[in-house]
Amino acid sequence: MKLLVSVSIFLFITFSVFAQRIVFPSQNQFYRFLEDPSHVSHNGAYNMTGMLQVSDTETTNTSQYLAAQLSPFSNVAFGLDYAKHSYGAFRYSHIMFNSRVRLELGNKFNVFNFGLSVGPDKLNLVKSSKAKVTAAYRLALHYTRNDFTIGGFLNHNPIQSSVSEINTPTLIKSRGYVAYVSYNFALSDNFRLTPLFRYNAYESLNIAEGVALMNYKGNYEMALSYKNDYGLSVALSGKVSRKIKLSYSYEKALGVQNFDDVHAIGLSVDLSPKGSEPPEWLVNVEKGNEKIRRIKPKKEKKPLEERGIPVFEFEEEENDSLSNNNISVKQTNQPMREDDPDDIVDNHLKPGYYLVLGSFKEVENAEKELERLKKKGFYARYGKKNAQDQFNYVYVDRYIDKSIATKKLLEKQNEKGLERTWLLLIK
């Protein structure tokens, strides 16, 4: 026992010359809440997540994670985390109580998320009656504006250290911080690419990390991570059912690191109560809003009179070319009214930019939405893109000019009850 303690003290004092491995959660790009409380239940879900990561040759070197999340309010979420790390004769564990608060700055696409975790942690030797129990905490903050995110957090992570001449490994608790920035690119309606850069600073280890996170249809993910002079990892995840997601990751040491390859498997179960899933029309609204955020309105030009160009007023004929093509020329600032011309020709909507509030497979549901809007003082209509389209789109206005439609969309989104309006182009 004395020999073990003496070796441990020696290792702690000469820590900087050893090969050191930070015990990162191997799938932290999929389950960011495992180390960053500002991401606790970020999607408003109730779930339970478990993960086990094991060294390739030393199966006694393991890390176990178990996390529960719930979001009882729209802007407040809570969680409970348990983690246990085993490395040779040492054990480190913690229980963290997590909370997250979201602060919206005008709308849901411009937000701050604050996270705090507190709880006890314990570091001890196997079969030792003495254990060092202390209070641990995490602080986190990230800001998101549309697809751009920047943030960071303070954290406590265990570090594994060893010396080649001595076979006795140690495990210590280290406090450090992580700063990160990312941007989400929608390459198509189904595929997203999110490059992310992280700077990890723990004890004498300062690691720059580049991550490429790919997401397909929200059901399948892959993350590639390179940490300079530390390691390379790849992680995969996919839904095997509507409620269950499985994941796997592999990490290999690079540079001065000499830790064994690390494998990890994860399981996440959605525990959201029945009926809490967003309705079909709301899912489509969210997709539409993501597209709208990427539309850059054209810069408004000065009136023709101010640019020295003479303006001639003329009266349009009833049978002008646009009308013959079944396209009305409505460009006024007035909202759509019941006496406006019908927008449906041959059982489908005319070409134009539509300000849409929802889409429904069943006509009865679309008509119910019209009644609901009417009671709130909004006039709306519905129609399909074409004969093959299975959705009925409920809309509150239509325009043929993209810049005007985009401007009107922003105005609608600022009206109470129309915040989820999105733009639909029909050619």
Side-chain angles (χ1 to χ4, degrees), residues 25-53 63-84 93-104 108-109 111-119 137-142 144 149 151 153 155 184 192 194 213 215-221 223 235-249 264-287 289-290 419-420:
S26 296
Q27 298 172 17
N28 53 10
Q29 301 310 321
F30 299 154
Y31 311 121
R32 301 182 71 172
F33 50 84
L34 291 177
E35 57 182 357
D36 183 348
S38 69
H39 282 87
V40 169
S41 192
H42 71 283
N43 57 357
Y46 294 68
N47 63 42
M48 181 74 72
T49 300
M51 188 174 71
L52 172 68
Q53 57 190 56
S63 295
Q64 304 164 43
Y65 300 88
L66 186 63
Q69 300 178 92
L70 58 92
S71 184
F73 310 106
S74 60
N75 292 330
V76 180
F78 301 98
L80 179 65
D81 292 353
Y82 169 75
K84 181 179 179 181
S93 61
H94 70 238
I95 297 177
M96 306 293 285
F97 300 89
N98 310 316
S99 61
R100 175 187 61 82
V101 177
R102 183 179 68 188
L103 176 63
E104 295 185 2
K108 62 181 294 185
F109 306 113
V111 298
F112 277 101
N113 279 280
F114 304 88
L116 171 65
S117 300
V118 294
Y137 68 89
R138 299 171 181 160
L139 290 174
L141 167 67
H142 74 266
T144 298
T149 298
F153 56 90
N155 197 5
N184 178 41
R192 298 179 185 177
T194 305
L213 181 64
N215 184 300
Y216 180 70
K217 289 187 174 181
N219 295 325
Y220 306 97
E221 292 180 290
L236 303 169
S237 79
K239 287 186 176 181
V240 295
S241 70
R242 196 164 188 173
K243 295 287 187 179
I244 298 176
K245 180 172 75 172
L246 294 177
S247 54
Y248 168 78
S249 63
I265 56 174
L267 171 67
S268 183
V269 181
D270 185 0
L271 301 176
S272 300
K274 188 176 181 180
S276 64
E277 297 179 358
E280 177 186 340
W281 68 268
L282 183 55
V283 173
N284 285 282
V285 167
E286 297 293 345
K287 292 181 180 179
N289 276 333
E290 290 182 4
E419 297 90 344
R420 299 186 182 276

Do [X] and [Y] have side-chain heavy atoms sitting under 4.5 Å apart?
X	Y	value
Asp81	Tyr65	no
Arg100	Pro37	no
Asn98	Leu116	no
Thr194	Asn184	yes
Ser38	Leu141	no

Can you run down the salt bridge (Lys or Arg N to Asp or Glu O under 4.0 Å) pairs that involve residues 65-74, sequence neighbours left out, and say none if there aren't any?
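Checked against salt bridge (Lys or Arg N to Asp or Glu O under 4.0 Å) - neighbours excluded - no pair reaches residues 65-74.
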What do the steps show when you test Thr149 against His142 for side chain to side chain donor-acceptor pair (under 3.5 Å), and what is the final call?
CA-CA 7 Å; Thr149 298; His142 74 266; 5.8 Å; no
Report the C-alpha separation of Thr49 and Ser268 in whole Å, then their side-chain angles, then the decisive distance to 0.1 Å, and conclude whether the side chain to side chain donor-acceptor pair (under 3.5 Å) test is met.
CA-CA 4 Å; Thr49 300; Ser268 183; 3.1 Å; yes
Can you list the residues that meet the side-chain contact (heavy atoms from CB on, under 4.5 Å) rule with Val76, with sequence neighbours excluded?
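Testing Val76 for side-chain contact (heavy atoms from CB on, under 4.5 Å), a comparison that skips the adjacent residues, returns Phe73, Phe78.
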Please state whether the rings of Phe112 and Phe114 are parallel, tilted or perpendicular, taking 30° and 60° as the class boundaries.
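Taking Phe114 first and then Phe112, their aromatic rings lie parallel (interplane angle under 30°).
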Gap separating the [atom1] atom of [X] from the [atom2] atom of [Y], nearest 0.5 angstrom:
X	Y	atom1	atom2	answer
Asn75	Leu103	CG	CG	8.0 Å
Tyr31	Ser237	OH	OG	6.0 Å
Ile244	Asn47	CD1	CG	12.5 Å
Ser249	Gln53	OG	CD	6.5 Å
Ser99	Leu80	OG	CG	12.0 Å
Ser26	Ile265	OG	CD1	11.5 Å

With sequence neighbours left out, write down each residue that passes side chain to side chain donor-acceptor pair (under 3.5 Å) with Tyr82, or none if nothing qualifies.
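Partners of Tyr82 under the side chain to side chain donor-acceptor pair (under 3.5 Å) test: none.
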Begin from the C-alpha positions of Met51 and Gln27 and carry the test side chain to side chain contact (heavy atoms under 4.5 Å, CB included) through to its verdict.
CA-CA 8 Å; Met51 188 174 71; Gln27 298 172 17; 3.6 Å; yes
Is there a donor in the side chain of Tyr46 and an acceptor in the side chain of Ser41, or the other way round, less than 3.5 Å apart?
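Looking only at side-chain atoms, Ser41 and Tyr46 do not form any donor-acceptor pair under 3.5 Å.
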Looking only at side chains, do Arg138 and Asn155 share a donor and an acceptor under 3.5 Å apart?
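Per modelled atom types, Arg138 and Asn155 side chains form a pair under 3.5 Å.
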Identify the heavy atoms of Ser247 and Phe30 that sit nearest to each other, and give their distance.
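It is CB-CD1, 4.2 Å.
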Closest non-hydrogen atom pair, Ala140 against Asp36
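Smallest interatomic distance, heavy atoms only, reads CB-OD1, 2.9 Å.
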Please report the C-alpha distance between Glu221 and Lys245 in whole Å, then the side-chain angles of each, then the deciding distance to 0.1 Å, and finally whether the salt bridge (Lys or Arg N to Asp or Glu O under 4.0 Å) criterion is met.
CA-CA 10 Å; Glu221 292 180 290; Lys245 180 172 75 172; 3.7 Å; yes
Give the C-alpha distance, both sets of side-chain angles, the deciding distance and a yes or no for side chain to side chain contact (heavy atoms under 4.5 Å, CB included) between Glu104 and Arg102.
CA-CA 6 Å; Glu104 295 185 2; Arg102 183 179 68 188; 3.3 Å; yes
Could you go through Arg192 and Asn215, starting from their C-alpha distance and side-chain angles, then the distance that decides it, and tell me whether this counts as side chain to side chain donor-acceptor pair (under 3.5 Å)?
CA-CA 5 Å; Arg192 298 179 185 177; Asn215 184 300; 5.7 Å; no
Can we say Asp270 and Lys239 salt-bridge, meaning some charged N sits less than 4.0 Å from an Asp/Glu carboxylate O?
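Lys239 and Asp270: not salt-bridged.
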